[in-house]
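Chain A is the first sequence line, chain B the second, and so forth, proteins listed ahead of strands; every chain is numbered from 1. Just so we're clear, the structure is a prediction, and the values are computed from it rather than from any experiment.
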Amino acid sequence: MTSEATSRQADQIPADLLAEIEERITHYPVSKRSASLPLLHLWQNHFGFIDDSGIEWIATKLELTPVNIYELVTFYPWFRREAAGKTIIRVCRTLACAMAGSYGLREKFCEAAGVDVHHESHGFGHAPPTSPDGKFSVEFVECLASCGTAPVCLINDELYESVTPEEVPSIVKELAAG
Amino acid sequence: MVSLIPQPHPRERRIIFENISRPGWSNDIETYLAHGGYEQLKKALGMQPAEIVDAVKAANLRGRGGAGFPCGVKWGFIKRDDGKPHYIVVNGDESEPGTFKDRYILHNDPHQLIEGILIAAWALNVNLAYIYIRCEFPHAAKIVWNAIKEAKARGFVGKNICGSGFDCDIYVHQGAAAYICGEETSLIESLEGKRPYPRIKPPYFPAVLGLYMSPTIVNNVETLCHVVHILRMGAAEYAKMGTPGDGGTRTMCVSGDVVRPGYYELPAGAVTLGELIHDVCGGLKPGRKLKAVIPGGSSAKVMRADEVYKIKTKAADGTMVEKEVAMLDVVMDAASLASVGTMVGSGGVMVMDDSRDMVWALNNLNQFYAHESCGQCTPCREGSLWMSKVTTRLLTGQGAANDPATLLNVADNIAGRTVCAFGEACAWPTQSFLAKFPEEFAALAESK
Ligand SMILES: Cc1cc2nc3c(=O)[nH]c(=O)nc-3n(C[C@H](O)[C@H](O)[C@H](O)COP(=O)(O)O)c2cc1C
Ligand code: SF4
Ligand code: FES
């Protein structure tokens with residue numbers, strides 16, 4: 001749409017991503033439209049977020065109109081229209097974790113990762129609050145289905161269980177180094 | 001990844017968690033086969049499909065996803081030979097606060113689930129099944145997908161399963177962090193690639209019109225695992241483990257203020273709430289007293305520690321008598337929890353001690369529901385938001401004197417007036433917290 005041709009994600013699809021997309025569509029022999037969510041995941045995992053060209057490309061690929069994809073991107077909290085930090089720290093906010101101190105934990109993570117602790121608003125396509133160096137995003141999420149080892153957080157793909165405030169600085173340090 | 005498996009408590013009977021409690025257990029197919037894996041599938045393929053459905057009925061298996069619908073009855077809605085395609089969709093969304101059993105199955109024993117799916121597929125004439133896994137379980141999706149490939153390589157998935165001529169493919173589908181996708185019709189819309197608004201009922205069951213407008217069975221991950229054991233043990237033996245209306249074992253996820261939170265597997269009805277908390281989970285933390293329990297996931301109505309329930313039971317001579325039951329003496333099975341006005345739900349038991357503020361706890365849950373309402377119906381979209389605003393302002397000293405009444409009014413106007421059961425799920429916490437702990441709400445409203 002408005003972005004320059006060179007920065008359009010749709011112009012930069014590597015061969016392996018394309019192959020993965022083609023393969024994924026075969027999982028839905030009855031209706032290609034079912035591949036919408038999987039394609040959005042593949043896209044966001046590769047590019048970090050989903051731009052206008054991505055929405056249009058996926059829609060075209062699945063023989064849909066862009067609004068069919070846009071309405072998913074704006075519904076699901078997982079999808080973003082702008083880049084987030086390289087490492088995303090998702091602290092569980094819900095009851096068992098809150099009872100075990102997850103509100104304090106989120107603040108600790110914000111401090112250690114250099115993320116504005118007062119900035120909570122995200123969703124509807126916006127990225128979670130991110131550190132100025134782009135290394136970290138920290139956000140609250142709802143129950144991560146590990147309430148027995150509260151408080152927990154999901155850092156990129158890894159679940160951290162029974163996290164104490166004391167270990168937060170070393171966790172962040174390790175992540176920054178890795 | 002996933003924390004270590006604690007040793008079973010002596011009162012436990014592990015069926016679903018039996019494998020993952022074995023020393024040296026690993027989630028690959030060789031290990032599963034070495035412990036009798038896929039033998040029940042082979043047995044099933046030699047049975048009449050109707051025999052399998054009858055066994056599941058006779059086993060009194062209730063769905064473990066939250067609603068507790070009898071699984072065999074649900075399966076009975078499928079007309080095997082109606083000429084339409086049928087589907088199975090496995091609900092691995094596991095998002096109900098307090099619930100954390102399916103994640104252990106998906107990570108540590110994926111083949112148990114796959115075997116259960118295939119038995120169901122044979123019984124219901126299904127050639128295509130999807131496992132919907134929430135995207136916050138990225139490893140689970142990879143593990144299950146890898147397990148499907150392993151099973152396919154061995155001829156358990158795909159074409160001509162075990163030489164029977166029966167075909168069934170299974171795929172993993174990942175969600176995108178929306179709790180509502182656990183509701184079965186929302187899940188189906190999500191799987192169809194649409195905005196996941198729950199469908200208007202009727203039809204009441206996806207077994208009538210489900211995925212791609214075809215008959216579909218949606219079952220929870222754990223429910224399908226139980227099917228393997230129903231075949232292994234025989235329906236009668238399996239049913240005997242539980243109570244008359246609630247067969248088998250129940251996995252219970254205990255969180256909050258107990259010494260040993262975690263998951264446990266007990267025959268349905270084998271323990272009271274008191275035995276679960278004090279015996280199995282090691283009791284409350286030192287110096288603390290029990291205050292409240294949410295027994296079946298965050299939507300289940302809260303129970304108060306000093307409550308005494310009056311329940312009607314059948315005496316030995318068949319007459320109905322009223323009996324007083326203290327909160328800790330309530331038996332942990334579907335009927336007993338229902339008789340005291342709450343539910344066994346998804347098995348998530350959240351325990352709160354006397355250090356907890358009930359308005360604070362409710363506010364936490366209200367924020368969850370406000371965040372997760374899909375927004376399709378006005379009472380739920382607006383009501384969940386208002387309930388959260390009112391409990392927040394009570395907590396921050398900005399409440400009005402009639403706020404408890406306002407809260408109740410909002411909740412009462414959601415339940416029963418919405419497209420899906422999220423309406424009840426979000427109203428019940430507010431209604432029950434207000435009913436059980438009115439003094440805490442009044443104190444905050446009056447301190448204004
Ligand atoms: C708001 C809402 C959320 C739900 N979330 C889940 C869930 O995360 N996992 C699940 O298995 N069932 C969930 N359910 C229940 C499903 O709608 C459905 O009853 C269940 O998956 C059927 O499987 P079962 O009969 O094996 O329990 C939810 C229901 C509602 C109303
Ligand atoms: S009750 Fe709530 S969650 Fe369910 S369809 Fe209506 S708005 Fe959506
Ligand atoms: S409340 Fe945090 S994992 Fe469930």
Review point. What part of S34(A) gets closer than 4.5 Å to chain B, counting heavy atoms only: side chain, backbone, both or neither?
Key: both
Review point. Side chain, backbone, both or neither: which part of L37(A) has a heavy atom under 4.5 Å from chain B?
Key: side chain
Check your understanding: H46(A): what forms a ring-ring contact (aromatic ring centres under 6.0 Å, His included) with it, not counting sequence neighbours?
Key -> none
Point to revise | Contacts with chain B made by residues 133-140 of chain A (heavy-atom distance under 4.5 Å), listed by residue number | key: none
Revision key, fill the gap. Sorted by chain and number, sequence neighbours left out, salt bridge (charged side-chain N to carboxylate O under 4.0 Å, His left out) with E174(A) holds for none
Review point. Side chain, backbone, both or neither: which part of A98(A) has a non-hydrogen atom closer than 4.5 Å to chain B?
Key: both
Point to revise | Contact class of Y28(A) relative to chain B, heavy atoms under 4.5 angstrom | key: both
Check your understanding: With a 4.5 angstrom heavy-atom cut-off, which part of Q367(B) approaches chain A: side chain, backbone, both or neither?
Key -> both
Review point. Checking heavy atoms, do the side chain of H41(A), its backbone, both or neither come under 4.5 Å from chain B?
Key: side chain
For a quick test of your reading: what N or O donor-acceptor pairs under 3.5 Å do the side chains of residues 62-70 of chain A make, sequence neighbours left out?
unit_1	atom_1	unit_2	atom_2	d
E63(A)	OE2	K32(A)	NZ	2.6
T65(A)	OG1	N68(A)	OD1	3.1
N68(A)	OD1	T65(A)	N	3.0

**Study point:** R24(A) versus chain B, the contacting section by heavy-atom distance below 4.5 Å
**Key:** neither
**Study point:** Side chain, backbone, both or neither of R260(B) within contact of chain A (heavy atoms, under 4.5 Å)
**Key:** neither
